[in-house]
Amino acid sequence: MSDDLHLLTAEDGLPVSETNIGACGDVLLICEHASRRLPERLGSLGLDAEALEAHIAWDPGALGVALQMSKTLDAGLIYQNFSRLAYDCNRPPEAADAMPARSEIYEIPGNANLPEADRLARTEAIYIPFRDAVSRRIAERKAQGRDTVLVTIHSFTPVYNGAQRDVEVGILHDADSRLADQMLAFAEKARRYRVRRNEPYGPADGVTHTLKLHGLANGLMNVMIEVRNDLIRDEAGQEVMAGFLAGLIRESLSIPA
Ligand SMILES: [Zn+2]
């Protein structure tokens, strides 16, 4: 497909979804790793079924949590409809791991030595529409005189490179830690989960692309939330976690329940 810039077929549908976008709350939720689906033309990227369902392909449970939070916080939600193995929407096009050839213990044959034309095709089909959808909503809200607080929802695997992770919830930030500081202070009071600052990842790992591009650049309060995925395997778990996180955000922003 090197000679074809049109990656997505009619069957694939759109790369980005928006829900509850007319909501009145200040929070705008983003879920860049919501889906593990691959565009038809990419096939399986040379991976077996187990790898295609694993955390390398998506953030299991993250969309469920984000959807719940969207209701609880009366917040709009923008999410990605394709696997981060096709294009990781939390990475700029120039980042090697925007289309990773290796992720944790998995080699991704379909991403190895990817020709520039293929990188460009994926960038244009998946990343640009996603980036633009977020920019558009933020600009629209600004034009309406509305505040926007940017909150991105992710999940991480309990075992990484063979090591068990004991952190349960990560509150991540880049240069602007206003919201993260508040949330961490309330989380410490609540004593409900092991909540840590910039764990299991932080800005040095290149994970704050969305925060920088849409949050910092626009002067918006922002935070990235990482939840250990064994806590949000089913709807019940997702509801409990969404309630906890929405509570932290409400307290931090002094939003009445
Ligand atoms: Zn993620």
Side-chain angles (χ1 to χ4, degrees), residues 15-17 27-38 45 47 51-70 75 77-93 95-106 108 111 122 126-127 130-131 133-134 150-161 165 167-174 179-180 183 193 195-215 222-233 237-238 241-242 245 249:
V16 45
S17 285
V27 172
L28 180 62
L29 295 160
I30 311 281
C31 196
E32 301 99 319
H33 304 144
S35 175
R36 60 181 166 84
R37 207 157 60 89
L38 284 171
L45 293 176
L47 294 167
L52 289 172
E53 283 175 25
H55 64 91
I56 61 161
W58 64 320
D59 284 353
L63 180 59
V65 171
L67 285 166
Q68 284 292 337
M69 288 175 73
S70 161
L77 164 63
I78 304 175
Y79 60 96
Q80 179 51 251
N81 287 326
F82 292 106
S83 169
R84 63 167 155 221
L85 296 177
Y87 189 104
D88 183 335
C89 281
N90 193 27
R91 297 290 187 282
D97 54 357
M99 293 153 259
R102 189 185 163 81
S103 181
E104 202 208 352
I105 51 170
Y106 301 85
I108 300 132
N111 286 353
R122 293 196 201 179
I126 299 174
Y127 174 75
F130 187 79
R131 183 197 68 186
V134 177
L150 198 70
V151 177
T152 73
I153 306 295
H154 295 259
S155 73
F156 63 93
T157 179
V159 180
Y160 190 77
N161 281 329
R165 286 161 156 171
V167 53
E168 292 176 308
V169 177
I171 304 292
L172 284 62
H173 61 82
D174 202 284
L179 180 52
M183 288 180 70
Y193 296 99
V195 183
R196 308 256 167 82
R197 181 190 298 270
N198 285 334
E199 283 190 41
Y201 311 105
D205 302 301
V207 300
T208 52
H209 174 63
T210 297
L211 297 189
K212 288 191 285 188
L213 181 69
H214 298 291
N222 63 88
V223 74
M224 172 174 176
I225 301 174
E226 284 273 8
V227 180
R228 208 176 64 198
N229 70 31
D230 58 314
L231 300 169
I232 50 172
R233 277 207 180 109
Q238 291 161 12
M241 184 55 70
L245 296 173
I249 290 171

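When a residue number appears, it is its place in the shown sequence, counting from 1. In this text, all values refer to a predicted model and were calculated from it rather than measured experimentally. In listed order, ligands and their atoms are each counted from 1.
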Derivation and outcome, side-chain contact (heavy atoms from CB on, under 4.5 Å), residues His33 and Leu63: CA-CA 8 Å; His33 304 144; Leu63 180 59; over 6 Å; no

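With a 4.5 Å cut-off on side-chain heavy atoms, Tyr201 and Phe156 count as touching.
The ND1 atom of His33 and the OD2 atom of Asp59 meet at the Zn ion (ligand 1) at an angle of about 110°, given to 10°.
Closest to the Zn ion (ligand 1) among the N, O or S atoms of His154 is ND1.
Checking Glu226 against the Zn ion (ligand 1), every N/O/S atom stays at or beyond the 2.8 Å cut-off.
Nearest heavy-atom pair across Met183 and Val223 is SD-CG1, 3.9 Å.
Between the side chain of Arg102 and the backbone N or O of Glu104 there is at least one donor-acceptor pair closer than 3.5 Å.
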